[in-house]
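Heads up, the thing below is written out as structure tokens.
For the single chain, residues carry numbers from 1 onward in sequence order. The model shown is predicted, which means the values in this text are computed figures rather than measured ones.
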Amino acid sequence: MAAKIAYADVEVGTELPAQSFPVTRETLVRYAGASGDFNPIHWNEKFAKEVGLPDVIAHGMFTMAEAIRVVTDWAGDPGAVVEYGVRFTKPVVVPNDDEGALIEVSAKVAAKLDDNQVRVDLTAMSAGRKVLGMSRAVVRLA
């Protein structure tokens, strides 16, 4: 599989289609099972509050994975991402209701690099707060 976006067709400032990702308590339990990360801050409201959190929070790696989906969907190939890093700035608080939380992700091409690569800067928000900082991916395009 190869990237579907051509390097020549992309300019600095190109905006990727924004996406929103819902997160519920069920999502967190499923992720805990898949990842093996059963830290109670991700599923036990009482424990999360006892350690000073406002409520249960999403796993940082889950948040990071949801955000990069904007890039992989745009590129058309997850293997096109050659580098990805973030700083965790705020947690995604997931209330125990029918709605949960929403991670809203936007991204744009910040630089054209050598070897058909571009740097994409991402912005991930939840409840009006930036949850990932310095979120950047390097993507090899067609």
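With rounding to the nearest 0.5 angstrom, the OG1 atom of T89 is 9.0 Å from the CE atom of M125. How far CZ of R69 is from CD of Q19: 6.5 Å, rounded to the nearest 0.5 Å. Atom-to-atom distance recorded for E15:CD and K108:NZ is 7.0 Å, nearest 0.5 angstrom. Taking CG of D37 as the start and CZ of F62 as the end, the distance is 12.5 Å to the nearest 0.5 Å. Distance OG1/T63 to CZ/F21: 11.0 Å, rounded to 0.5 Å.
S106 places no side-chain N or O within donor-acceptor distance of the main-chain N or O of A18, the cut-off being under 3.5 Å. In this structure a side-chain-to-backbone donor-acceptor pair under 3.5 Å is present from W43 to F38. Panel note: side chain R129, backbone P91; a donor-acceptor pair is recorded below 3.5 Å. Judged purely by atom type and a 3.5 angstrom limit, S135 has no side-chain atom pairing as donor or acceptor with the backbone of L132. Distance alone, capped at 3.5 Å, places no donor-acceptor pair between the D98 side chain and the G100 backbone.
Considering every non-hydrogen atom in both A101 and V93, the closest pair reads CB-O, 3.2 Å. V70 approaches A107 most closely through the heavy-atom pair CG1-CB, 4.0 Å. The two atoms that bring Y84 and M64 nearest to each other are OH-O, 2.8 Å, heavy atoms only. Contact detail for A48 and D55: the closest heavy-atom pair is CB-O, 3.5 Å. D121 and A110 make their closest contact through OD2-CB, 3.3 Å (heavy atoms, listed as atom of the first residue, atom of the second, distance). Contact record, P54 with K49: O-CE, 3.3 Å, taken as the closest heavy-atom pair.
Residues V71 and V81 form a side-chain contact, since some pair of their non-hydrogen atoms from C-beta on lies under 4.5 Å apart. Taking 4.5 Å as the limit, every side-chain heavy atom of D77 sits out of range of all side-chain heavy atoms of K4. V51 has its side chain within reach of I41: a pair of non-hydrogen atoms, C-beta onward, lies under 4.5 Å apart. The side-chain heavy atoms of Y7 and K112, taken from C-beta on, include a pair separated by under 4.5 Å. With contacts defined as side-chain heavy-atom distances shorter than 4.5 Å, the pair V92/I57 does not qualify. The side-chain heavy atoms of V56 and R25, taken from C-beta on, include a pair separated by under 4.5 Å. With contacts defined as side-chain heavy-atom distances shorter than 4.5 Å, the pair L102/V23 does not qualify. Put simply, the side chain of V109 reaches to within 4.5 Å of the side chain of L16, judged on heavy atoms.
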Evaluate side-chain contact (heavy atoms from CB on, under 4.5 Å) for R136 paired with V120, printing each intermediate quantity in order. CA-CA 6 Å; R136 295 180 174 170; V120 176; over 6 Å; no
Carefully, step by step, assess M61 and F88 under the rule side-chain contact (heavy atoms from CB on, under 4.5 Å). CA-CA 9 Å; M61 296 305 287; F88 301 104; 4.2 Å; yes
Evaluation steps, side-chain contact (heavy atoms from CB on, under 4.5 Å), between V10 and I5: CA-CA 8 Å; V10 175; I5 303 293; 3.4 Å; yes
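Between H59 and H42, the ring planes lie parallel to each other; the angle is under 30°, not in the 30° to 60° tilted range.
By the 4.0 Å N-to-carboxylate-O rule, R140 lies close enough to D115 to be salt-bridged with it.
There is a path of hydrophobic side-chain contacts, each under 4.5 Å, that joins L122 to I103.
With no hydrogens or angles considered, no side-chain donor-acceptor pair links E45 and N96 at under 3.5 Å.
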